[in-house]
2 protein chains.
Amino acid sequence: MDETATSNPVTHQLTSEHRRLLDEVLDKWSLQVLDTLCEQPQRFNELRRAIPVITQKSLTATLRRLERNGMIERIIISTRPVAVEYRIAALGRTLQDLIDALWQWTASTLPEVQAARDRFDEEN
Amino acid sequence: MDETATSNPVTHQLTSEHRRLLDEVLDKWSLQVLDTLCEQPQRFNELRRAIPVITQKSLTATLRRLERNGMIERIIISTRPVAVEYRIAALGRTLQDLIDALWQWTASTLPEVQAARDRFDEEN
DNA sequence: CAGTATCCCCTACGATACTG
DNA sequence: CAGTATCGTAGGGGATACTG
């Protein structure tokens, strides 16, 4: 589908559009939400429990943004107290490996990063 | 080197430390700075020219943060008007493939994302 | 249950001016 | 050249209260 950037390590076409897409998808809470939804569909309050530190407001905003960008789907189940289920969309699935790679990267480099921080802070 | 998270897709140890590391390294300008430095070391004003939209202030802040986290090195060359060179550090190199993957992901999915946005916006 | 609606703060960022 | 210093603004996000 895309052989645009196949062997083109240097000249990226980094428009602000591309950067803003990453901004929207890699923002403060998105990774954790996507991560959670990659495992299985979740209801709104299930997500709150899965990510306890997030506020309702931020969770709503994150879900709306991800839905708008086609990363997740919002499914309304018309029961009496309405139920809403969020599930990862096909586009969101394409991010899964990247997200996993990012988490693994943090896990494996955090110790060295912290050492670097300590060095930097005491030099300063 | 790390077989910690090799076959562990579900239970990440997502402490706030890990998330904050991503926040510091994947912030608004970091990707572009790292990307540029991965190609070759750059002086301060070279970086400004490579990323024209960034302000001095933001570039300085980004460079300091990346240096503090061990991603880049700041090398002072004591000439009369002092020269400073920034270069990618070993830790920063470990991010290179991830960054490339992220850019490629944006490039290949942006059209679909925009279609999703259009759909979302007209439904609303 | 799944959200809105407010208020409020804080800091990220831009713009501009200045400096060793 | 490679930055600091200062001012000002927009909005991201928390806390809290309310609703179909």
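Throughout, a chain's letter reflects where its sequence line sits, starting with A, and its residues are numbered from 1.
- Here A/R64 reaches the OP1 or OP2 of C/dG3: one of its side-chain N or O atoms lies under 4.0 Å away.
- Close to D/dG14, at under 4.0 Å from its OP1 or OP2, lies a side-chain N or O of A/K28.
- The CD1 atom of B/I54 sits 15 Å away from the P atom of D/dA2 (whole-angstrom rounding).
- At least one side-chain nitrogen or oxygen of B/R74 sits closer than 4.0 Å to the OP1 or OP2 atom of D/dG3.
- Pairing for C/dG20 is with D/dC1, a Watson-Crick or G-U wobble pair whose two hydrogen-bonding atom distances lie under 3.5 Å.
- The phosphate of C/dA2 (OP1 or OP2) has a side-chain N or O of A/R43 nearer than 4.0 angstrom.
- To the nearest angstrom, C1' of D/dG3 lies 17 Å from CD1 of B/I75.
- Within the structure, every side-chain polar atom (N or O) of A/T79 is placed at least 4.0 Å from both OP1 and OP2 of C/dC1.
- Contact between the side-chain N/O atoms of B/T60 and the OP1/OP2 oxygens of D/dG3 is not found at any separation under 4.0 Å.
- Which of D/dA2, D/dA17, C/dC1 sits closest to the side chain of A/Q56 comes down to D/dA17.
- For B/F44, whose side chain is taken as the heavy atoms from C-beta onward, the closest listed nucleotide among D/dG14, C/dC13, D/dG3 is D/dG3.
- For C/dG3, one of the phosphate oxygens OP1 or OP2 lies less than 4.0 angstrom from a side-chain nitrogen or oxygen of A/Y86.
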Practice item. Take A/Q114 and A/R117, measure what side-chain hydrogen bond (donor to acceptor under 3.5 Å, both in side chains) needs, and give me the verdict at the end. Key: CA-CA 5 Å; A/Q114 256 154 0; A/R117 287 175 182 166; 5.9 Å; no
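- Between A/L47 and A/L37, some side-chain heavy-atom pair lies under the 4.5 Å cut-off.
- Counting heavy-atom neighbours within 6.0 Å of A/R20 CZ, excluding the residue itself, gives a total of 12 or less.
- Atoms CD (A/E24) and P (D/dG12) sit 10 Å apart, rounded to a whole Å.
- The existence of a salt bridge linking A/K28 and B/D23 is excluded, since no basic side-chain nitrogen approaches an acidic carboxylate oxygen closer than 4.0 Å.
- The CH2 atom of B/W29 lies 7.5 Å from the OG1 atom of B/T55; values are rounded to the nearest 0.5 Å.
- Not one side-chain nitrogen or oxygen of A/R80 sits closer than 4.0 Å to the OP1 or OP2 atom of C/dA2.
- Across the protein-nucleic acid pair, B/D27 atom CG and C/dA12 atom P stand 10 Å apart, rounded to whole Å.
- The side chain of A/S58 places an N or O atom within less than 4.0 Å of a non-bridging phosphate oxygen (OP1 or OP2) of D/dG14.
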